[in-house]
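My questions all concern the structure below.
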Amino acid sequence: MARKSAKPARRQRPHGVLPAGFTWREGRPRWIPSPTRRDQGWKPTDLAMHERGAKVWMTQGAAIDRCKAINTAVAAWTLRGERVPADMAAFAPAGSLDASRPSPSQQKSRRAIGALADAWLASDKFTLPRGKGGLADSTKTDYRSKLNRLFVALVEDESSLAKIDALRALDIDTLAAPEDEGEDFPLEQAYHWLIQNVGHAQAYGVMSVASAWLGWCWRKKRIKAMATNPVELIDRTPPEGRIRIASPDEARALVAAADEIGKPSIGDAVLLALDLGWSLADLLRLDWRRVVTQANPETGEPHLVVKRVARQKTGVASSDIPLMALGLAAVARIRARFVDAKVTPTHLIVREPSPRNRSGVWTNKAFNDAWNEVKAKAAEAAPTLLGIEGKGDDAVEPFDFMDLRDTFITLAREVPLSVEETTQRSLHKSNARVHAVWQKHYGTATALMGAAGARKMDAHLAATGWRAVLPST
């Protein structure tokens, strides 16, 4: 039996002989930064000179000296914020030659805007699960996004990372309210910039997150300049609630379009959203273990219910939610499509397979892309889905998937269902505040609501013996 050839010993350079980042390949020396330095903006460079338009590689000794000089400049900029020499401009980070961009040491100041933002995002609210005092995952993502958008608004430039880095290195006092009326108020300027560029609702949301962050800076870090939350001094008007209700024709067009373009799961989601009043995140999490058959407590007949569910965002729990006609139709559609499948899906809303993705799982981005495609197709039959420009009552907002939840609540008020009956399905918090919000945003009492209320009360009176008070004829 042939002996296995011994693996040659790895050749290692003697420690301390060559400077960090130095490489030598067939007479061509280079300086290659480490991954950490690359993240800071340093780029690899050839250790060569240009003589009469020709590239001349340095000798080994000269290349080593040049490499040491580079490493010295890197350390001076990183640790002390010193400017990088001009002859290193081609491979140095942007802003390191004129100090327009802060060095890593400057960014680490405890009172720096960036350091305090990072500390907030690393606090218990963001690191602990919701059940142990942390925020919901969707809220964490939303807060991070809005905080980044705040920094963009403060520099008024969406594409300049160097400006944002410079902002993050500034002292938190920069964001404090001005002492004199004529002085600049960066947060107020950022608020108005956001209104102009992303709209009133987004601007208000970003500043609400800014208020939460700066309030935390005062409570936890005892930043004296934040003794008064500067966001509270900005004259902000809450945006009007956006309520867009679907019509039966629009909903019908969406389901038909989803089937026509080969994305029936979008139609399933539409039907279930109208039936349950759930958000997209909760619908995508609904699995078959939660859908069971049990006896109807009123009639004794078997019916399908959704058991033991909780809203992802708030943790509000419910159980024994009977599926109505639209939900039953969605379940029947799904079961019919997978009756011959070799593998039974675990969830009700299953992504259609494609050459690039066969996981069966909808991500939020992929679902939204598919939803927009379905909506564009459905708009051929129901143009109002894309919105109608106009003034006052003549204008129609474009329809989004989240509007299905508003549609459900509006229909529930027209029945009318009580707050408790509605929240048992929709997974809203059942309290006085929710009722007040619904009174404000989902319309006032209508003739349809009055007739339905009379019908429900009359049936209740008959079932509980109150009809006996009527005089006999």
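Owing to the predicted nature of the structure, the values given are computational and were not obtained by experimental measurement.
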Is Tyr191 atom OH crowded by more than 12 heavy atoms from other residues, nucleotides or ligands, each under 6.0 Å away?
->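 Correct, the count exceeds 12.
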Give, for atom CG of Leu214 and atom CD1 of Ile172, the distance between the pair rounded to the nearest 0.5 Å.
->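 Separation between the atoms: 5.5 Å.
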How long is the span from the NE2 atom in His347 to the CZ atom in Arg289, to the nearest 0.5 Å?
->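 Between atom NE2 of His347 and atom CZ of Arg289 there are 7.5 Å.
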To the nearest 0.5 Å, what is the distance between CG (Leu286) and CG (Asp282)?
->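 Rounded to the nearest 0.5 Å, the CG-CG separation comes to 9.0 Å.
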Pair Thr422-His428, side-chain contact (heavy atoms from CB on, under 4.5 Å): steps then yes or no = CA-CA 8 Å; Thr422 304; His428 279 93; 5.7 Å; no
Would a 4.5 Å heavy-atom cut-off, applied to side chains only, mark Pro398 and Arg244 as touching?
->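 Counting from C-beta outward, Pro398 and Arg244 never come under 4.5 Å.
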Would you call Val255 and Arg333 a side-chain contact if the rule is heavy atoms closer than 4.5 Å?
->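 Heavy-atom side-chain distance check passes, below 4.5 Å.
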What pair of heavy atoms forms the shortest contact from Ile266 to Ala370, and how long is it?
->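 The pair with the smallest heavy-atom distance is CD1-CB, 4.0 Å.
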Ring geometry between Trp42 and Phe91 (parallel below 30°, tilted from 30 to 60°, perpendicular above 60°) =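 Tilted.
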Any side-chain heavy atom of Asn368 sitting closer than 4.5 Å to one from Leu280?
->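 Yes. Closest side-chain heavy atoms under 4.5 Å.
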Test side-chain contact (heavy atoms from CB on, under 4.5 Å) applied to Arg236 and Ser208, step by step | CA-CA 10 Å; Arg236 293 186 298 151; Ser208 296; 3.5 Å; yes
Does Ile113 reach the side chain of Leu154, with side-chain heavy atoms less than 4.5 Å apart?
->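 No, too far: nothing below the 4.5 Å cut-off.
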Option passing side chain to side chain contact (heavy atoms under 4.5 Å, CB included) with Lys146 (candidates Leu194, Val206, Thr141) |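 Single pass found, and it is Val206.
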Heavy-atom closest contact (Ala253 atom, Ala382 atom, distance) |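 It is CB-CB, 4.0 Å.
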Counting only heavy atoms not in Leu233, do more than 12 sit closer than 6.0 Å to its CG atom?
->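 Check passes, neighbour count above 12.
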Would you name the heavy atoms of Thr127 and Ala122 that are closest together and state the gap between them?
->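 Of all heavy-atom pairs spanning Thr127 and Ala122, the closest is CG2-O, 3.4 Å.
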Before accepting this row, confirm whether a basic side-chain N of the pair Arg337/Asp268 lies closer than 4.0 Å to the acidic partner's carboxylate O.
->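 Yes, charged N to carboxylate O under 4.0 Å.
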Check: Phe408 ring centre within less than 6.0 Å of Trp278 ring centre =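 Between Trp278 and Phe408, which both carry aromatic rings, the centre distance is not below 6.0 Å.
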Within-4.5 Å side-chain heavy-atom neighbours: Pro44 and Arg38 =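 With C-beta onward as the side chain, the pair touches.
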If only atom types and distance count, is the side chain of Ser319 paired as donor or acceptor with the main-chain N or O of Lys307 below 3.5 Å?
->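 Absent.
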Between Phe367 and Ala269, which heavy-atom pair has the shortest distance, and what is it?
->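 Shortest heavy-atom contact: CZ-CB, 3.9 Å.
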Return the minimal non-hydrogen interatomic distance between Asn229 and Gly215, and the atom names on each side.
->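 Closest heavy-atom pair between Asn229 and Gly215: ND2-N, 3.8 Å.
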Does Ser418 offer a backbone N or O that forms a donor-acceptor pair with the side chain of Glu421 under 3.5 Å?
->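 Here the side-chain-to-backbone pair exists.
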Just wondering, do Arg290 and Leu348 contact through their side chains at under 4.5 Å, heavy atoms?
->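 Contact flag for Leu348/Arg290 side chains = no.
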With distance as the sole test, does Asp275 use its side chain to make a donor-acceptor pair with the main-chain N or O of Met324 at under 3.5 Å?
->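 Confirmed, Asp275 side chain pairs with Met324 backbone.
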Any Glu352 side-chain heavy atom under 4.5 Å of Trp362 side chain =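 Yes, their side chains come closer than 4.5 Å.
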Apply side-chain hydrogen bond (donor to acceptor under 3.5 Å, both in side chains) to Asp118 and list each qualifying residue two or more places apart in sequence or on a separate chain.
->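 Listed in chain order: Arg168.
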Without swapping roles, check the side chain of Arg425 against the backbone of Ile321 for a donor-acceptor pair under 3.5 Å.
->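 Answer holds: no.
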Sub-3.5 Å donor-acceptor pair from the side chain of Thr407 to the main-chain atoms of Asp403, do we have one?
->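 At least one qualifying donor-acceptor pair exists.
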Euclidean distance, Asp249 CG relative to Leu254 CG, rounded to 0.5 Å =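 That separation rounds to 11.0 Å.
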Report yes or no: does Gln424 contribute a side-chain atom to a donor-acceptor pair with the main-chain N or O of Asp320 at less than 3.5 Å?
->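 It does hold such a pair.
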Leu404 and Phe399: CA distance, side-chain angles, deciding distance, side-chain contact (heavy atoms from CB on, under 4.5 Å) verdict = CA-CA 9 Å; Leu404 292 166; Phe399 191 78; 3.7 Å; yes
Any Thr237 side-chain heavy atom under 4.5 Å of Tyr204 side chain =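 Side-chain contact under 4.5 Å: no.
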Which atom pair, heavy atoms only, marks the closest approach of Leu385 to Ala379?
->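 Here Leu385 and Ala379 meet closest at CD1-N, 4.1 Å.
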From Leu147 atom CG to Asp142 atom CG, the distance as rounded to the nearest 0.5 Å =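 Rounded to the nearest 0.5 Å, the CG-CG separation comes out at 11.0 Å.
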Taking only residues two or more places apart in sequence, or in another chain, which ones meet Leu304 in a side chain to side chain contact (heavy atoms under 4.5 Å, CB included)?
->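 Leu304: side chain to side chain contact (heavy atoms under 4.5 Å, CB included) contacts with Val291, Thr293, Leu323, Leu328, Val331, Arg335.
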Could you walk me through whether Gln40 and Trp77 pass the side-chain contact (heavy atoms from CB on, under 4.5 Å) test, one step at a time?
-> CA-CA 11 Å; Gln40 294 172 355; Trp77 177 75; 3.9 Å; yes
Can you measure from CG (Leu283) to CD1 (Ile349) and round to the nearest 0.5 angstrom?
->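 Here the interatomic distance stands at 6.0 Å.
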Okay, side chain of Thr174, backbone of Asp171: is any donor-acceptor separation there less than 3.5 Å?
->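 Here the side-chain-to-backbone pair exists.
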